[in-house]
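Data first, discussion second: the structure below is written as structure tokens.
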Amino acid sequence: AIDEIRIELARELKQSKDERNEAFRRNNQNERLNKELAERIKNYGLTPTRNRIMKLKMWEESEHSCMYCEQPVDPIEFLKGYDVEREHIIPRGLLFDNSFTNQVCSCRRCNSKKGMRTAYDFIADDKGQEGLNAYIEHINDLFDKKKISRSKLNRLLVSHKAYISR
């Protein structure tokens, strides 16, 4: 009798045994986290969905505040979409990327003011050099605390000019 069927994707075949084991471990860890977040969403009186789980992860990584103005964000308002939104760090019109890595928790005011600018350009234009320095420090602090990935850090700190020149 067959105990287990294992399907390996082409990218997995290129990985060493240790790399495959690490990927398996990460996937299991993500599944456990998603189940935990789904339970928390239920405790808020809402139905857990993939979108709401992703939003709760964004809310956690931003330390329960708007990524740009750092004003506190109520989790239920964010999960329901009241005055708090998922915001694209590099506008989809420039990057065509709707992944978690290119999205953050943002209040509607900041999202509206940011428009089609990168996060970096929005802060530089809106808050000047002193505000930009504080923003860079905040983003680096989130990275140092392992709240955001290196990919998200890089996106949060890239100007439109630098992005285009890549």
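For this chain, numbers begin at 1 and follow the sequence in order.
Residue Tyr44 places its OH atom among more than 12 non-hydrogen atoms of other residues, nucleotides or ligands, all under 6.0 Å distant. Around the CZ atom of Arg150, the shell of radius 6.0 Å holds no more than 12 heavy atoms that belong to other residues, nucleotides or ligands.
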Without placing hydrogens or testing angles, list every side-chain donor-acceptor pair under 3.5 Å for residues 119-129, not counting sequence neighbours.
residue	atom	partner	partner atom	Å
Asp121	OD2	Thr118	OG1	3.2
Asp121	OD2	His160	N	2.8
Asp125	OD2	Arg117	NH1	3.1
Asp126	OD1	Lys113	NZ	3.2
Asp126	OD2	Lys113	NZ	3.3
Lys127	NZ	Tyr68	O	2.9
Gln129	NE2	Asn133	OD1	2.8

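Taking 4.5 Å as the limit, every side-chain heavy atom of Pro75 sits out of range of all side-chain heavy atoms of Lys55. With a 4.5 Å cut-off on side-chain heavy atoms, Met67 and Ile89 do not count as touching. With contacts defined as side-chain heavy-atom distances shorter than 4.5 Å, the pair Arg109/Cys69 qualifies. Using a 4.5 Å heavy-atom threshold, the side chains of Glu63 and Lys147 count as touching.
For the side-chain contact (heavy atoms from CB on, under 4.5 Å) with Pro48, the lone residue among Asn34, Leu37, Leu79, Ile41 that qualifies is Ile41. Partner Arg92 forms a side chain to side chain donor-acceptor pair (under 3.5 Å) with one of Asn102, Asn98, Asp97 and no other, that one being Asn98.
To the nearest 0.5 Å, the span separating CD on Glu87 from SG on Cys105 amounts to 10.5 Å. One finds the CD atom of Glu36 at 11.0 Å from the CD1 atom of Ile53 (value rounded to the nearest 0.5 Å). Distance check: Lys152 NZ to Phe143 CZ gives 13.0 Å after rounding to the nearest 0.5 Å.
Under 4.0 Å is where a charged nitrogen must lie from a carboxylate oxygen, and between Glu22 and Arg26 at least one such pair does.
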